[in-house]
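Quantities reported herein were computed from a predicted structural model and do not represent experimental measurements.
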Amino acid sequence: MTHMRSPVYGLWKGHLVSWDHIRCSELPFLHQLGGCGILGVGIWLAVTQGNFATLSSSFPSLSAANLLIVTGTFVMIIGFVGCIGAIKENKCLLLSFFIMLLIVFLLELTVVILFFVYTDKIDKYAQRDLKKGLHLYGTDGNIGLTNAWSIIQTDFRCCGVSNYTDWFEVYNTTRVPDSCCLEFSENCGLHSPGTWWKAPCYETVKIWLQENLLAVGIFGLCTAMVQILGLTFAMTMYCQVVKADTYCA
């Protein structure tokens, strides 16, 4: 026997779904919009900067551009699934959106915890890997790494990973890149050490990050709040759709 919906129920469900669309479809849409923005920035970096900020020799594909492109694409997919699920009131898509967002949230939480637990080991590994990357400076096919080191040493007024002498092993002589010079000029890296920046880049950048930890923390907190709200609204709408379907059955 087919169950007919009463006018009262139809009106109530129509109001419920309209309210859910306002609340729940906005967050997936924001995820998708944010993903588009991240993807756009990543593509712009890849086109204009030649894989800028590729500092690791062990992970040559780990550039700022590639990270942004992958992250933006993944966020767009999650947001798209959530939007369609909210608009179509599809239980499968809403649950998929919830699960994918939950996995991302748990992965981020795990990475943060591991970072604080193994900070010392990460520091040692990062410095060792960055020093290996110095040997690729100025070589063919490594314009991203070369540009990154030049900009970092110029902007942060530093030289080398832990000391300007790191470059001596690269050039096999007492020499540093021209970006290490107090006053930039052609081949100034061949001059005496008194004309070079002395601060180590690794510690200088690390101190800068610590000084801007509040901004990083606020950004991370806002990201977590958006994800938690997305999880809450997705599960709320999923439960309401299930209840509505059960009532109609």
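The side chain to side chain contact (heavy atoms under 4.5 Å, CB included) test applied to Leu109 returns Ile113, not counting sequence neighbours.
Under a 3.5 Å cut-off, the side chain of Thr154 and the backbone N or O of Ile151 do not form any donor-acceptor pair. With hydrogens and angles disregarded, no donor-acceptor distance shorter than 3.5 Å links the side chain of Asn187 to the backbone of Leu190. A donor-acceptor distance shorter than 3.5 angstrom exists from the side chain of Asn212 to the backbone of Trp208, with no hydrogens or angles considered. When atom types are taken as modelled, the side chain of Asp166 and the backbone of Asn163 share a donor-acceptor pair closer than 3.5 angstrom.
By the 6.0 Å contact criterion, NZ on Lys198 is enclosed, its count of non-hydrogen atoms from other residues, nucleotides or ligands being greater than 12.
Applying the disulfide (SG to SG under 2.5 Å) test to every pair with at least one member in residues 95-132, sequence neighbours left out, gives no pairs at all. Note on residues 172-181: pairs passing side-chain hydrogen bond (donor to acceptor under 3.5 Å, both in side chains), not counting sequence neighbours, are Gln153-Ser179. Judged as a side-chain hydrogen bond (donor to acceptor under 3.5 Å, both in side chains), the pairs with a partner in residues 102-120 (not counting sequence neighbours) are, in order, Glu108-Gln227. For the disulfide (SG to SG under 2.5 Å) condition, the pairs that include at least one residue of residues 125-173, sequence neighbours left out, are Cys158-Cys201, Cys159-Cys180.
Side-chain contact between Lys88 and Leu93 is absent, with no heavy-atom pair separated by less than 4.5 Å. Between Tyr137 and Pro177, the closest side-chain pair of non-hydrogen atoms falls below 4.5 Å. Between Thr236 and Phe98, the closest side-chain pair of non-hydrogen atoms is not below 4.5 Å. Residues Asp123 and Tyr202 form a side-chain contact, since some pair of their non-hydrogen atoms from C-beta on lies under 4.5 Å apart. Using a 4.5 Å heavy-atom cutoff, the side chains of Phe74 and Val104 are in contact. Proximity of Phe115 to Val112: side-chain heavy atoms (C-beta onward) are nowhere separated by under 4.5 Å.
Taken from CG in Leu145 to OG in Ser150, the straight-line distance is 9.0 Å, to the nearest 0.5 Å. Once rounded to the nearest 0.5 Å, the distance linking CG of Leu130 with CH2 of Trp149 reads 5.5 Å. Taking CH2 of Trp167 as the start and NE2 of His135 as the end, the distance is 9.5 Å to the nearest 0.5 Å. Here the OH-CG distance, from Tyr238 to Asn90, works out to 10.5 Å after rounding to the nearest 0.5 Å. Atom CG of residue Leu213 and atom CD of residue Glu211 lie 10.5 Å apart, to the nearest 0.5 angstrom. Interatomic distance, NZ of Lys206 versus CD of Gln127, reported as 7.5 Å (0.5 Å rounding).
Under the 4.5 Å side-chain contact rule for hydrophobic residues, Val70 and Ile77 do not share a cluster. Residues Trp197 and Val205 fall into different hydrophobic clusters, defined by Ile, Leu, Val, Met, Phe, Trp and Tyr side chains chained together at heavy-atom separations under 4.5 Å. Cluster membership check: Leu114 does not share its hydrophobic cluster with Leu106, using side-chain heavy-atom separations under 4.5 Å among Ile, Leu, Val, Met, Phe, Trp and Tyr. No single ILVMFWY cluster, assembled from side-chain heavy atoms under 4.5 Å apart, contains both Phe105 and Val111. When hydrophobic clusters are built by joining Ile, Leu, Val, Met, Phe, Trp and Tyr residues whose side-chain heavy atoms come closer than 4.5 Å, directly or via intermediates, Tyr125 is not grouped with Ile122.
Heavy-atom minimum distance, Leu136 versus Thr146: O-OG1, 4.4 Å. Between Met237 and Ala86 the shortest heavy-atom distance is CE-O, 3.1 Å. Ala199 approaches Thr204 most closely through the heavy-atom pair CB-OG1, 3.7 Å.
No option in Ile99, Leu95, Leu101, Leu94 other than Leu101 meets the side-chain contact (heavy atoms from CB on, under 4.5 Å) test with Phe97.
Taking the centre of each ring, Trp196 and Tyr164 come in below the 6.0 Å mark.
Under a 4.5 Å side-chain heavy-atom criterion applied to ILVMFWY residues, the cluster that includes Leu214 comprises Ile218 as well.
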